[in-house]
Each structure stands twice: as C-alpha cells, then as structure tokens.
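The residues of the chain are indexed from 1 along the displayed sequence.
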Amino acid sequence: MKIPGLLATCFVILISGFTKNKVVKNVHQKQDSVVAKGAVLKKVSDQFSFTEGASVDKQGNVFFTDQPNDKIWKYDTQGKLSVFLDKTGRSNGTYFDQKGNLLTCADEKDELWSIDPKGKVTVLLKDFEGHRFNGPNDLWEDLGGGIYFTDPYYQRPYWDRTSPDIKGEKVYYLSKGKKQAVVVADDLEQPNGIVGTPDGQSLYIADIKAGKTYKYKINADGSLSNKQLFCEQGSDGMTLDNEGNVYLTGDGVTVYNKEGKKIEVIKIPSQWTANLCFGGRNKNLLFITASESVYTIEMRVRGVE
C-alpha cells in the first residue's frame with residue numbers, strides 16, 4: 001500500500017488555547033487506594049476530537065491516538081506533547097512490541113500495523129481468509145511475539161461499506177512470523193478491550209456490548225481455554241498494575257482486584273473514558289484518554305505493560 005509522506009516526522013507542536021496540566025479535582029481516597037496519597041487528577045490537554053489507544057514504551061513515554069484526526073501523539077516523560085505520526089491508517093488501539101515498535105489497529109483498511117521508532121510502517125495483517133476484518137480495535141502481544149486482537153464492528157464515516165464482511169465479532173491471534181490469523185474466541189457479542197498478564201498465562205477480554213469481562217487461560221499454542229467470568233462490566237480499553245489489579249474504562253476508570261472484586265472508581269470529568277496505561281519513568285503515572293481530553297494521576301501502584 002502507499003505510505004503517507006509524514007511518517008518519519010516527530011515534532012513538538014506548540015499548543016495554544018488549551019489548558020495544560022490543569023488540576024481537575026482531588027481524588028477521594030481509601031486507606032488502601034491504588035492512587036498515591038494526596039494525588040490529584042490533572043488535565044493535560046483538551047484539544048483533541050476523540051482520544052484512544054494509550055500505550056507506553058520502555059522509557060515510559062506514552063503514545064495515544066486521536067482517531068478522527070488520524071494522528072498518533074506522544075506524551076514524553078518530561079510532560080511534553082508532540083505529534084509522533086500523521087496519517088496513521090486511522091489507528092485505534094496500540095501496543096508496544098518487545099523490539100520497541102508500535103503495533104496499531106489501523107481500521108481505515110482494517111489492518112494491523114507495526115510502526116518503528118522513526119515512523120516507518122509495516123503492514124502485518126490485511127485480511128482473514130480473503131475477507132476484510134470488521135475493524136481491529138485493541139491488541140496485546142504475548143511473550144512469544146504473537147498478537148491477540150479484538151475485531152468488533154463499529155461503522156466508520158470514512159468506510160466505503162455499511163456492513164461487515166465477516167459474520168460475528170471475534171478475537172483473533174496472529175502467531176509471530178505468520179501471515180494469517182486464527183480465531184481464538186467467537187462467542188462474544190462485541191469484544192473490545194484486551195490485555196494479558198505479564199507471565200503470559202492469562203488473557204482478559206472485555207465484551208462491551210454484553211457488559212462483561214472474561215478471563216482466559218493462554219495455552220502453549222496461543223489458543224484460549226478455561227473461560228471464566230471475571231466481572232459484570234465491559235470495557236473499552238484495559239490495563240493491569242503490579243498488584244494484579246485490572247483497570248476498566250467507560251464511565252471513568254473502575255479498578256478490580258485479581259479476584260474480580262471492585263475496589264476503586266476514579267471519576268473522570270469527560271463524556272467517555274476510552275483507554276489508559278501507566279507511563280512515566282517509574283510507570284506510576286496513570287495516563288487516561290477520555291473523549292476530547294487526556295488526563296494523568298499519580299499512583300501508588302505501577303504498571304506492568
């Protein structure tokens with residue numbers, strides 16, 4: 001495919017007319033809160049159309065998408081915003097692989113991309129058995145370099161189609177080095193958020209339409225088994241911390257412990273909270289994408305992605 005010309009550009013945009021690092025509110029905390037003592041929710045910027053796809057590199061820099069404007073932004077460890085990539089294939093969910101490449105769900109043509117640190121794009125996956133995917137949405141790479149991704153159908157204004165090519169909204173797995181994905185879950189209504197545990201043993205998948213999140217065992221061949229209901233809540237994006245807590249999004253951020261018990265809610269003053277990850281040099285800064293805005297809050301716990 002033809003690759004846009006601004007891929008290698010990574011430049012800092014001087015922002016005017018928006019509030020940076022504005023303290024939004026103090027967060028009510030319990031004694032055992034995952035939020036750092038005395039921490040406040042801060043608005044980094046509200047200049048976007050719809051923010052998504054937060055992920056963190058090895059240095060703690062956060063990358064996120066503004067899909068309607070077809071851009072990927074970078075929020076570095078110094079708190080500076082810059083445009084990493086313009087013309088991103090309408091990238092949505094993102095995740096860094098072990099080599100430092102940014103994996104993205106590029107749903108303009110419903111592909112999986114790998115973008116190297118200089119902005120060079122490699123298309124990893126174009127279709128499933130000759131059929132166009134519904135719209136790859138979120139993804140996670142396992143310890144062996146395989147990629148799990150969700151494929152719900154959300155009609156996009158930039159598509160030239162009005163119905164899916166594939167029946168059903170499924171979860172797929174692309175083994176490292178393979179050119180064709182396989183279905184690993186086909187019994188969900190609308191899979192969206194996805195994240196795996198650091199040991200590579202378990203995978204969480206949110207069925208946003210059903211309002212449920214499930215936990216699966218990851219088998220040696222990449223297949224999934226032992227599906228268990230984790231909690232009665234769906235999610236857009238997801239992340240984990242070093243205590244095994246699971247963070248779900250939608251109406252703010254809801255945190256569940258590893259047993260599936262709700263332990264905390266972080267309220268976000270935006271219409272929809274789409275995604276999140278832990279950033280910063282110590283991976284203890286929760287970075288939250290929420291509609292037109294992005295927020296941060298200091299945490300007691302650390303991220304593991």
Side-chain angles (χ1 to χ4, degrees), residues 1-10 48-57 62-74 83-97 99-141 145-162 164-166 169-182 190-195 236-238 274-275 277 289 305:
M1 64 178 290
K2 184 179 179 181
I3 304 301
L6 294 179
L7 292 173
T9 304
C10 180
F48 312 103
S49 293
F50 189 82
T51 55
E52 250 284 12
S55 59
V56 61
D57 67 12
V62 174
F63 292 69
F64 65 97
T65 63
D66 184 3
Q67 192 177 36
N69 291 317
D70 203 13
K71 298 180 187 296
I72 296 176
W73 287 76
K74 177 181 178 181
V83 173
F84 168 67
L85 190 65
D86 198 2
K87 304 302 180 185
T88 71
R90 300 284 184 174
S91 287
N92 190 351
T94 71
Y95 195 84
F96 275 93
D97 70 12
K99 295 181 179 180
N101 301 308
L102 185 62
L103 306 176
T104 78
C105 295
D107 82 0
E108 183 173 29
K109 296 183 178 179
D110 304 307
E111 300 169 332
L112 290 190
W113 284 13
S114 174
I115 307 172
D116 75 11
K118 294 184 178 180
K120 181 182 178 181
V121 172
T122 300
V123 179
L124 300 177
L125 190 63
K126 294 184 177 182
D127 57 41
F128 179 69
E129 298 177 349
H131 297 283
R132 183 173 174 174
F133 285 105
N134 289 331
N137 189 279
D138 201 5
L139 73 170
W140 177 78
E141 185 190 56
I147 302 169
Y148 292 92
F149 65 97
T150 58
D151 189 45
Y153 188 86
Y154 296 106
Q155 183 64 46
R156 304 300 192 191
Y158 43 81
W159 285 347
D160 58 2
R161 59 168 173 163
T162 57
D165 292 1
I166 298 173
E169 303 183 30
K170 306 171 185 178
V171 181
Y172 295 85
Y173 179 67
L174 179 65
S175 297
K176 184 179 181 180
K178 298 292 184 181
K179 297 184 182 299
Q180 187 65 251
V182 296
Q190 195 169 51
N192 197 312
I194 190 168
V195 69
D236 198 338
M238 305 170 68
N275 218 314
C277 71
T289 67
E305 295 186 78

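- The distance from the CG atom of N137 to the CZ atom of F149 is 11.0 Å, given to the nearest 0.5 Å.
- Rounding to the nearest 0.5 angstrom, the gap separating the OG atom in S114 from the CG atom in D97 is 5.5 Å.
- Minimum interatomic distance between P152 and Q190 (heavy atoms only, all atoms of both residues): CB-CG, 3.7 Å.
- The distance between the ring centers of Y153 and W159 falls below 6.0 angstrom.
- Looking at every heavy atom in both residues, W113 comes nearest to K87 through CZ3-O, 4.4 Å.
- Closest heavy-atom contact between D127 and Q180: O-OE1, 3.4 Å.
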Salt bridge (charged side-chain N to carboxylate O under 4.0 Å, His left out) evaluation trace for D86 with K71: CA-CA 5 Å; D86 198 2; K71 298 180 187 296; 3.2 Å; yes
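- Remark: aromatic rings of Y172 and Y148 are distant, center separation not under 6.0 Å.
- Side-chain N/O atoms of N134 and E169 include no donor and acceptor closer than 3.5 Å.
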Pair V62-K74, side-chain contact (heavy atoms from CB on, under 4.5 Å): steps then yes or no: CA-CA 6 Å; V62 174; K74 177 181 178 181; over 6 Å; no
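- Not one N or O on the side chain of T150 forms a donor-acceptor pair closer than 3.5 Å with the backbone of G193.
- D57 has its side chain within reach of F63: a pair of non-hydrogen atoms, C-beta onward, lies under 4.5 Å apart.
- Rounding to the nearest 0.5 Å places NZ of K176 at 10.5 Å from CD1 of I147.
- Every residue meeting the ring pair (Phe, Tyr, Trp, His ring centres under 6.0 Å) condition with F48, not counting sequence neighbours, appears here in chain and number order: F64, W73.
- Under a 3.5 Å cut-off, the side chain of R156 and the backbone N or O of E108 do not form any donor-acceptor pair.
- Residue K120 holds its NZ atom at 14.0 Å from CG of L85, rounded to the nearest 0.5 Å.
- Within the 4.5 Å cutoff, no side-chain heavy atoms of D151 are placed close to those of V171.
- A distance-only check finds no donor-acceptor pair linking the side chain of T289 to the backbone of A54 [under 3.5 Å].
- Taking a cutoff of 4.0 Å between a charged side-chain nitrogen and a carboxylate oxygen, D110 and R132 qualify as a salt bridge.
- Between E141 and F96 the shortest side-chain heavy-atom distance does not fall below 4.5 Å.
- Counting heavy atoms from C-beta outward, I115 and F84 have side chains that approach closer than 4.5 Å.
- Annotation: the span from S55 atom OG to W140 atom CH2 amounts to 14.5 Å, rounded to 0.5 Å.
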side-chain contact (heavy atoms from CB on, under 4.5 Å) between L102 and I72, worked out: CA-CA 10 Å; L102 185 62; I72 296 176; 4.1 Å; yes
Evaluation steps, side-chain contact (heavy atoms from CB on, under 4.5 Å), between F133 and L125: CA-CA 10 Å; F133 285 105; L125 190 63; 3.7 Å; yes
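- Minimum interatomic distance between E305 and V56 (heavy atoms only, all atoms of both residues): O-CG1, 3.7 Å.
- A distance of 9.0 Å separates OG1 in T104 from CD in E111, rounded to the nearest 0.5 Å.
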F50 vs Q67, side-chain contact (heavy atoms from CB on, under 4.5 Å): CA-CA, chis, key distance, verdict: CA-CA 6 Å; F50 189 82; Q67 192 177 36; 5.7 Å; no
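- With S175 contributing its side chain and G146 its backbone, the two residues share no donor-acceptor pair below 3.5 Å.
- Closest heavy-atom contact between P117 and N101: CD-OD1, 3.7 Å.
- Remark: the D70 side chain and the T88 side chain contain an N/O donor-acceptor pair separated by less than 3.5 Å.
- Nearest heavy atom pair, residue A274 against residue D236, reads O-CB, 3.2 Å.
- With hydrogens and angles disregarded, a donor-acceptor distance shorter than 3.5 Å links the side chain of D66 to the backbone of S49.
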